[in-house]
Amino acid sequence: MKRALLFAAASLAVLGASTAQTGPQGASTAVLANVTAGTPTRMVYELDARAMVFIIPATGRASFTVDMKPDTYAIRSRVRTTGLADVFVNYDMTLNAEGKTSAKGLKTTQYISQNKDGKKNRRVELTMTDTGFSMTAKPKFGNLGDPAATAEQAILANDPLTALITFALEPRAAGADPCGGPIKVFDGRQLTYLHLKRGKAGMVRQKTPGWTGDTIECHVTMDKIAGYKKGESNNDTLTGISGPLRMYLAPLENGSHVPVKIVADTDKVGKVTLQARTLRFEPIPVATAQTSGGGR
């Protein structure tokens, strides 16, 4: 459950909705199309998450800055959880991703995660190419899973941040399932697929700090494909969650489908709700875009 809910928190943080939006009419123009046409764009996000452990609030907060340029992008983020000592590790993570920008989406070239949880405090550096990947971890992993992820599998996926950003921004094809997916995620060791399927057939009204309007309810399951302990692969990873993890997507005029709320009913702490608090799109000054490159 710890990894599943942290993954959900990170996904919503990356894919949050604007506090200025009140429905599809507030949607921005197609972001990736504008970026690749020569308009560098920055996205700034914050996320709040909340649950109750008996009468003690358990909270999480994440911040993300995404700089997208015509050929490259860079993501800087921090994810922290508090009050979750018996349910989660108390995460204090910094995450960075870089890669290539195209009209079709984003593709990872580098991903770095640094966790400070008072235990292993592990740093992972992942480099990906069109044909394979390399990864270093300090301290080293005891093993890379059984089975371990192969190069052929890894190159079809993106790092967690990139996978979820591109999921939000890529328009769905006409007639395609509005829930989209699967989302293929590789963090240097573990390869995970998120499968989404339609929940309620009709639209579901949601009112959150970041969105007021109709949304599409999607149910999310996760498959452990590779990089896990022996016997765990292809098992549902949402251990400790009662019923489906529910993700609500706001359909925007540009064809994007942005999650504005995630709800999970857990065995230990009851309902956990994650919702985007703020998002803003802003142009990157030309001088900054020219001098900052594709790095962090």
Side-chain angles (χ1 to χ4, degrees), residues 1-16 43-53 56-67 73-99 108-128 133-145 149 157-165 185-192 222 224 227-229 237 239-240 262 264 266 268-269 272-278 295-296:
M1 181 177 70
K2 292 184 291 186
R3 183 175 294 276
L5 289 181
L6 179 68
F7 192 94
S11 73
L12 186 57
V14 175
L15 302 176
M43 304 161 60
V44 180
Y45 296 82
E46 288 183 321
L47 164 79
D48 286 330
R50 188 173 181 85
M52 294 295 293
V53 182
I56 301 173
T59 62
R61 175 159 293 182
S63 61
F64 287 77
T65 302
V66 184
D67 284 358
Y73 70 90
I75 306 172
R76 303 183 305 276
S77 66
R78 188 176 184 186
V79 179
R80 302 184 68 184
T81 62
T82 59
L84 300 168
D86 294 330
V87 183
F88 293 129
V89 172
N90 278 331
Y91 284 98
D92 184 350
M93 301 183 71
T94 56
L95 307 169
N96 295 276
E98 300 176 7
T108 306
T109 57
Q110 186 176 59
Y111 173 69
I112 299 174
S113 68
Q114 174 69 66
N115 183 35
K116 297 179 180 179
D117 60 8
K119 295 184 179 180
K120 293 184 178 179
N121 298 331
R122 177 173 280 124
R123 179 182 177 89
V124 177
E125 298 188 9
L126 169 68
T127 299
M128 299 182 68
F133 71 94
S134 62
M135 183 273 293
T136 59
K138 297 180 181 180
K140 292 182 178 180
F141 292 112
N143 60 74
L144 296 181
N158 275 316
D159 72 84
L161 305 182
T162 301
L164 293 158
I165 283 284
V185 183
F186 181 60
D187 65 3
R189 179 175 183 244
Q190 295 179 333
L191 178 68
T192 308
M222 301 166 77
K224 296 177 177 180
Y228 290 88
K229 294 179 181 179
T237 65
T239 306
I262 293 176
T266 71
K268 291 189 176 181
V269 298
V272 178
T273 301
L274 307 105
Q275 55 188 16
R277 183 173 68 168
T278 60
R296 297 175 299 282

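Predicted model only: the values in this text are computed from it and were never measured.
With values rounded to the nearest 0.5 angstrom, D159 atom CG is found 10.0 Å from Q110 atom CD. Here the CG-CD1 distance, from N96 to I112, works out to 6.0 Å after rounding to the nearest 0.5 Å. Taking OG1 from T108 and CD from E98, the interatomic distance works out to 10.5 Å, rounded to the nearest 0.5 Å. From R123, atom CZ reaches atom OG1 of T94 across 7.5 Å, with rounding to the nearest 0.5 Å.
In this structure, R61 contributes its side chain and R78 its backbone to no donor-acceptor pair below 3.5 Å. D67 places no side-chain N or O within donor-acceptor distance of the main-chain N or O of A74, the cut-off being under 3.5 Å.
Among all heavy-atom pairs drawn from Y111 and A97, the shortest one is CD1-CB, 4.2 Å. The two residues R189 and N143 have their closest heavy-atom pair at NE-O, 2.9 Å. Between P160 and F186, the closest heavy-atom pair is CD-O, 3.8 Å.
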Using the side chain to side chain contact (heavy atoms under 4.5 Å, CB included) rule, take F141 and R122 through it: C-alpha gap first, then chi angles, then the decisive distance, then the call.
-> CA-CA 9 Å; F141 292 112; R122 177 173 280 124; 3.5 Å; yes
Show the numbers, then the answer: is there a side chain to side chain contact (heavy atoms under 4.5 Å, CB included) between Q114 and D92?
-> CA-CA 8 Å; Q114 174 69 66; D92 184 350; over 6 Å; no
Should L191 and Y228 be marked as a side chain to side chain contact (heavy atoms under 4.5 Å, CB included) after you check the CA-CA gap, both sets of side-chain angles, and the distance that decides it?
-> CA-CA 8 Å; L191 178 68; Y228 290 88; over 6 Å; no
Residue pair L161, F64: steps toward the side chain to side chain contact (heavy atoms under 4.5 Å, CB included) verdict | CA-CA 9 Å; L161 305 182; F64 287 77; 3.3 Å; yes
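Between D187 and V124, the closest side-chain pair of non-hydrogen atoms is not below 4.5 Å. By the 4.5 Å heavy-atom criterion applied to side chains, L126 and M128 are counted as neighbours.
Partner of T162 under the side chain to side chain contact (heavy atoms under 4.5 Å, CB included) criterion, chosen from V66, V185, T109, I75: I75.
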